[in-house]
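Structure, as structure tokens:
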Amino acid sequence: MNHFVIRHPLILHKLTILRDKSTGPKEFRELVREITMLMTYEATRHITIHEKVVETPLEKCKGYEIDDKSVVVVPILRAGLGMLDGFLQLLPNASVGYVGLYRDEETKSPIEYYMKFPKIHDNTEVFVLDPMLATGNSSSKAVELVKENGGKKITMLSVLAAPEGLNVLELSHPDLTIYTGSVDKRLNANAYIIPGLGDAGDRLYRTK
Ligand code: URA
């Protein structure tokens, strides 16, 4: 598995404000969107570009275009939705698929409650979004569903990750590429990332 931690001053700075328990939902949402844009910049380095001729006011020259119509982005509901806007700001023609998973609080296993994918071809670049890669069970399940629907080139974007979750993904999807803003210390007994930032869904949508 390819795993990249993006240690960029802008991400480190924004992550620190994001972690702060006094950061309110408006700023939290803005930061998740901005961090996602910065992560998307890094995570799309490998996508295909095509040459195209562009006519400047002075002469024709060689330019490039990305084929973002062959990109599919899959936020894992619900916290992954907080990352969708930032991703689409950079790749506005990407198609969006959704995976709805919630965590059974006793078993910590992911339960699927919604799934809708656009067409995924062999060469489609699929980006799965989940701000918190904690146990890795939801991400692993989402990647499994993407694969079942034809996904071959899959990249995961997580704002924060726990070592435990990375190990789970390494075992379940060794072909996956993952970008994170930080690998934190560990999970606590409730499977929250320590130090983390709390419950990303609750902080995005002020549900607690
Ligand atoms: N999901 C969250 O939102 N936060 C965690 O720390 C773990 C899972």
Side-chain angles (χ1 to χ4, degrees), residues 1-18 26-99 115-131 133 139 142-143 145-161 173 175-182 204:
M1 186 175 75
N2 282 323
H3 172 223
F4 303 98
V5 181
I6 312 173
R7 269 190 74 79
H8 188 287
L10 281 171
I11 293 192
L12 293 172
H13 174 82
K14 288 174 189 297
L15 256 183
T16 303
I17 309 171
L18 195 69
K26 179 173 185 285
E27 199 181 359
F28 192 91
R29 284 193 291 270
E30 284 166 4
L31 287 162
V32 170
R33 184 173 52 79
E34 289 167 1
I35 291 169
T36 305
M37 286 174 72
L38 295 166
M39 294 183 74
T40 302
Y41 170 80
E42 280 296 324
T44 50
R45 278 188 188 277
H46 66 285
I47 67 173
T48 310
I49 48 172
H50 302 289
E51 284 184 11
K52 78 175 251 187
V53 175
V54 59
E55 208 169 333
T56 80
L58 303 174
E59 66 172 26
K60 286 183 180 174
C61 72
K62 189 166 77 176
Y64 300 92
E65 64 182 353
I66 47 174
D67 182 13
D68 57 353
K69 291 202 179 95
S70 70
V71 171
V72 167
V73 57
V74 180
I76 304 178
L77 304 179
R78 80 187 152 141
L81 276 184
M83 299 176 75
L84 180 60
D85 208 39
F87 188 93
L88 288 178
Q89 251 178 293
L90 295 183
L91 293 135
N93 295 309
S95 304
V96 183
Y98 293 92
V99 173
M115 190 180 76
K116 185 151 180 80
F117 287 119
K119 282 239 166 348
I120 298 177
H121 305 283
D122 281 1
N123 62 348
T124 304
E125 292 283 353
V126 183
F127 292 85
V128 178
L129 309 179
D130 190 352
L133 174 48
S139 306
V143 171
L145 294 170
V146 169
K147 286 182 175 172
E148 279 170 19
N149 282 272
K152 300 246 181 320
K153 296 156 96 178
I154 310 172
T155 303
M156 168 106 214
L157 267 61
S158 287
V159 175
L160 295 185
H173 300 290
D175 51 340
L176 187 68
T177 301
I178 305 186
Y179 285 83
T180 54
S182 167
L204 280 164

### Pair Leu176-Val143, side-chain contact (heavy atoms from CB on, under 4.5 Å): steps then yes or no
CA-CA 9 Å; Leu176 187 68; Val143 171; 4.1 Å; yes
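- Rounding to the nearest 0.5 Å gives a distance of 11.5 Å between CD1 of Ile35 and OG1 of Thr40.
- If you take OG1 on Thr44 and CZ on Phe87, they are separated by 7.0 Å, rounding to the nearest 0.5 Å.
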### Task
Kindly indicate, with the supporting measurements, whether the criterion side-chain contact (heavy atoms from CB on, under 4.5 Å) is fulfilled by Thr56 and Cys61.
CA-CA 7 Å; Thr56 80; Cys61 72; 4.1 Å; yes
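- Closest heavy-atom contact between Ser182 and Leu15: CB-CD1, 4.0 Å.
- Shown here is Phe4, whose CZ atom has more than 12 heavy atoms of other residues, nucleotides or ligands within 6.0 Å.
- Remark: of the listed residues Leu129, Leu133, Asp130, Val128, Leu129 is the sole one forming a side chain to side chain contact (heavy atoms under 4.5 Å, CB included) with Leu157.
- Residues forming a salt bridge (charged side-chain N to carboxylate O under 4.0 Å, His left out) with Lys52 (at least two apart in sequence, or on another chain): Glu65.
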### Task
Check the pair His50 / Thr48 against side-chain contact (heavy atoms from CB on, under 4.5 Å), numbers first and verdict last.
CA-CA 7 Å; His50 302 289; Thr48 310; 4.0 Å; yes
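- Between Met156 and Ser158, the shortest heavy-atom contact is CE-OG, 3.7 Å.
- Atoms CG and CG, from Leu10 and Leu38 in turn, are 5.5 Å apart once rounded to the nearest 0.5 Å.
- Looking at heavy atoms from C-beta onward, Tyr64 lies in side-chain contact with Glu51 at the 4.5 angstrom threshold.
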Please table the atom pairs, donor to acceptor, closer than 3.5 Å between any side-chain atom in residues 67-82 and protein atoms at least two apart or in another chain.
| from | atom 1 | to | atom 2 | distance (Å) |
| --- | --- | --- | --- | --- |
| Asp68 | OD1 | Asn93 | ND2 | 3.2 |
| Asp68 | OD2 | Asn93 | N | 3.2 |
| Ser70 | OG | Asp67 | O | 3.0 |
| Arg78 | NH1 | Thr207 | OG1 | 3.2 |
| Arg78 | NH2 | Asp202 | OD1 | 2.9 |
| Arg78 | NH2 | Thr207 | OG1 | 3.4 |

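- Judged by distance alone, with hydrogens and angles left aside, the side-chain atoms of Arg29 form a donor-acceptor pair with the main-chain N or O of Leu204 at under 3.5 Å.
- Taken to the nearest 0.5 Å, the OG1 atom of Thr16 stands 10.0 Å off from the CG atom of Leu31.
- Taking each heavy atom of Ala43 and Thr155 in turn, the nearest pair found is CB-CG2, 4.4 Å.
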Extract all donor-acceptor atom pairs below 3.5 Å that involve side chains of residues 145-154 and protein atoms in other chains or at least two apart in sequence.
| from | atom 1 | to | atom 2 | distance (Å) |
| --- | --- | --- | --- | --- |
| Lys147 | NZ | His173 | ND1 | 2.8 |
| Lys147 | NZ | Asp175 | OD1 | 2.9 |
| Lys147 | NZ | Asp175 | OD2 | 3.1 |
| Asn149 | ND2 | Leu145 | O | 2.8 |

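- Ile47 places a side-chain heavy atom less than 4.5 Å from the side chain of Phe127.
- Heavy atoms only, all atoms of each residue included: Gly97 and Pro118 are closest at CA-CD, 3.6 Å.
- With rounding to the nearest 0.5 Å, the separation of OG1 in Thr180 from NE2 in His3 is 3.5 Å.
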### Message
side-chain contact (heavy atoms from CB on, under 4.5 Å) for Val159 and Met83? Distances and angles first, verdict last.
### Response
CA-CA 9 Å; Val159 175; Met83 299 176 75; 4.1 Å; yes
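- Rounded to the nearest 0.5 Å, atoms CD (Glu125) and OG1 (Thr177) are 9.0 Å apart.
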